[in-house]
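Input: a single structure, listed below in structure tokens.
Here is the naming used below: chain letters follow the sequence lines, and residue numbers restart at 1 for every chain.
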There are 2 protein chains.
Amino acid sequence: MVRIKSDEVDRDNSVDKVEQILQGAMQEFLQNGYAGTSMDRVAVAAGVSKATVYSHFQDKEGLFKVLLEQLASKKNNSIFGTEPIGKEPAAVLHHLGTKALDLMNSDQEHTAFMRVLIGESGRFPELAQICVRAMIKPVAETLTQYLAAPELNIPDPEATARILLGALVHFHITQDVMHGRDIIPMESDRLIDALIHLITKRAD
Amino acid sequence: MVRIKSDEVDRDNSVDKVEQILQGAMQEFLQNGYAGTSMDRVAVAAGVSKATVYSHFQDKEGLFKVLLEQLASKKNNSIFGTEPIGKEPAAVLHHLGTKALDLMNSDQEHTAFMRVLIGESGRFPELAQICVRAMIKPVAETLTQYLAAPELNIPDPEATARILLGALVHFHITQDVMHGRDIIPMESDRLIDALIHLITKRAD
DNA sequence: GTCTATAGTAAGATAGAC
DNA sequence: GTCTATCTTACTATAGAC
């Protein structure tokens with residue numbers, strides 16, 4: 001009777017291994033993309049054997065999907081933590097924009113995640129859709145709420161939210177993801193100030 | 001004496017082959033990315049042998065770089081053909097925005113190019129920078145010119161151009177590249193109208 | 001210049017020992 | 001459950017015939 005009856009130990013070990021594997025997979029997939037990553041390297045990065053990887057995940061595609069879905073929910077909460085609507089809209093928008101750009105800028109993991117997500121959206125369309133649902137949609141809805149404030153007097157807050165979101169994310173893509181900082185330099189503050197100016201149109 | 005002395009035939013054949021190879025390489029690289037593409041498939045798609053591919057291009061990386069640089073200059077001219085500044089700014093912007101979104105939307109090649117360019121920007125940073133210089137910078141500068149029109153009264157036309165460009169491109173990324181059309185649906189016209197409204201702030 | 005054939009390597013996935 | 005060793009396939013790149 002060598003078999004272990006208790007689920008406790010069994011499950012704990014499994015969870016640890018699964019966590020290790022996902023950690024190694026993240027490192028490799030985010031750095032090299034889907035096709036550029038080998039299961040051998042994932043196993044090495046995770047500190048387990050390749051057979052162990054296959055005992056916890058069906059195949060390379062299954063591992064990739066689980067990893068990206070997990071990352072999508074993580075990134076969602078990190079960038080736009082639901083902000084208390086204390087101050088006036090202009091101040092809130094300035095705070096949100098600055099925070100979002102700073103976070104995306106400083107988070108190498110997020111930059112690599114954007115590359116992989118967009119790069120593999122042709123091969124894994126349903127995965128891209130999951131990320132749109134988990135990351136972009138909630139942020140767009142939150143921004144829409146802010147922009148619907150009566151004093152802003154915006155006729156289409158939903159479309160304006162997409163503009164605001166697009167300006168911030170595309171700025172991150174050009175400056176960080178595509179390494180354009182030296183080619184088309186611009187301070188984050190200038191972008192945000194111009195955004196605030198457009199949105200809180202000076203009725204003076 | 002079977003050798004051909006004239007350079008004409010020789011050069012024409014070479015150019016044809018090079019063109020064939022680039023065509024096949026485009027098909028494969030845009031569909032499967034860099035790591036996901038094999039030189040065997042490129043050769044088949046181009047209708048030549050693999051050895052012929054290697055006789056015209058140093059290696060896989062060299063072929064990929066030549067292809068993407070060629071595509072970058074092609075895409076640049078296609079989206080924003082220098083528009084005559086006939087009408088008033090609002091009309092020009094509406095026309096430009098509609099045209100840009102329509103072109104990006106209908107051009108599958110452009111969608112795939114965006115995926116590959118962003119997806120491989122980690123592996124090929126200098127290539128991403130070349131594309132920023134060839135595609136994004138000129139468009140941003142052209143838009144800056146339009147937005148500097150006195151009647152628009154925009155304090156920072158350059159930053160505002162980045163906002164406008166970002167809103168359009170990110171809209172394309174969410175709706176087309178990432179297949180988000182069904183998850184966060186929105187008509188192009190709504191985005192463009194909201195943009196025009198922000199920029200030509202009703203001073204009424 | 002272009003081809004076929006192949007060398008050499010690395011990939012995804014699994015069998016079997018413990 | 002986890003490992004080592006291995007099967008099979010596909011890859012990059014080149015040599016040699018024509």
Of the candidate nucleotides [options], which contains the atom at the shortest distance from the side chain of [X]?
X       : options                : answer
B/Met39 : D/dC11, D/dT12, C/dG12 : D/dT12
B/Ala51 : D/dA15, C/dT2, D/dA13  : D/dA15
B/Thr52 : D/dA13, C/dT2, C/dA13  : C/dT2
B/Lys50 : C/dT14, C/dT2, D/dT12  : D/dT12

* For A/Tyr34, is the NZ or CZ atom of A/Lys60 found under 6.0 angstrom from the centre of its six-membered ring and inside 45 degrees of the ring axis? -> yes

* Asked: Do other residues, nucleotides or ligands put more than 12 heavy atoms under 6.0 Å from the CD atom of A/Gln20?
  -> yes

For [X] and [N], what is the distance between atoms [atom1] and [atom2] respectively, to the nearest whole Å?
X       : N      : atom1 : atom2 : answer
B/Gln58 : D/dA13 : CD    : P     : 9 Å
B/Glu61 : D/dC11 : CD    : C1'   : 16 Å
B/Ile21 : C/dG1  : CD1   : P     : 11 Å
A/Lys17 : D/dT2  : NZ    : C1'   : 7 Å
A/Lys60 : D/dT9  : NZ    : P     : 18 Å
B/Asp40 : C/dA11 : CG    : C1'   : 14 Å
B/Arg41 : D/dT12 : CZ    : P     : 11 Å
A/Glu28 : C/dA11 : CD    : C1'   : 14 Å

* To do: Could you walk me through whether B/Arg181 and B/Asn105 pass side-chain contact (heavy atoms from CB on, under 4.5 Å), step by step?
  => CA-CA 11 Å; B/Arg181 228 185 310 270; B/Asn105 181 307; 3.5 Å; yes

* To do: Inspect the contact between A/Glu109 and A/Lys74 and indicate whether a charged nitrogen and a carboxylate oxygen are less than 4.0 angstrom apart.
  =>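 Yes, A/Lys74 and A/Glu109 are salt-bridged.
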
* Asked: Below 4.0 angstrom, N of the basic side chain to O of the carboxylate: do A/Arg190 and A/Glu187 qualify?
  ->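 No, this pair does not count.
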
* Any side-chain N or O of B/Tyr54 less than 4.0 Å from the OP1 or OP2 oxygen of D/dA13? -> yes

* If only side-chain N and O atoms of B/Ser49 are considered, is one of them under 4.0 Å from the OP1 or OP2 phosphate oxygen of C/dC3? ->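 Checking B/Ser49 against C/dC3: at least one side-chain N or O falls below 4.0 Å of OP1 or OP2.
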
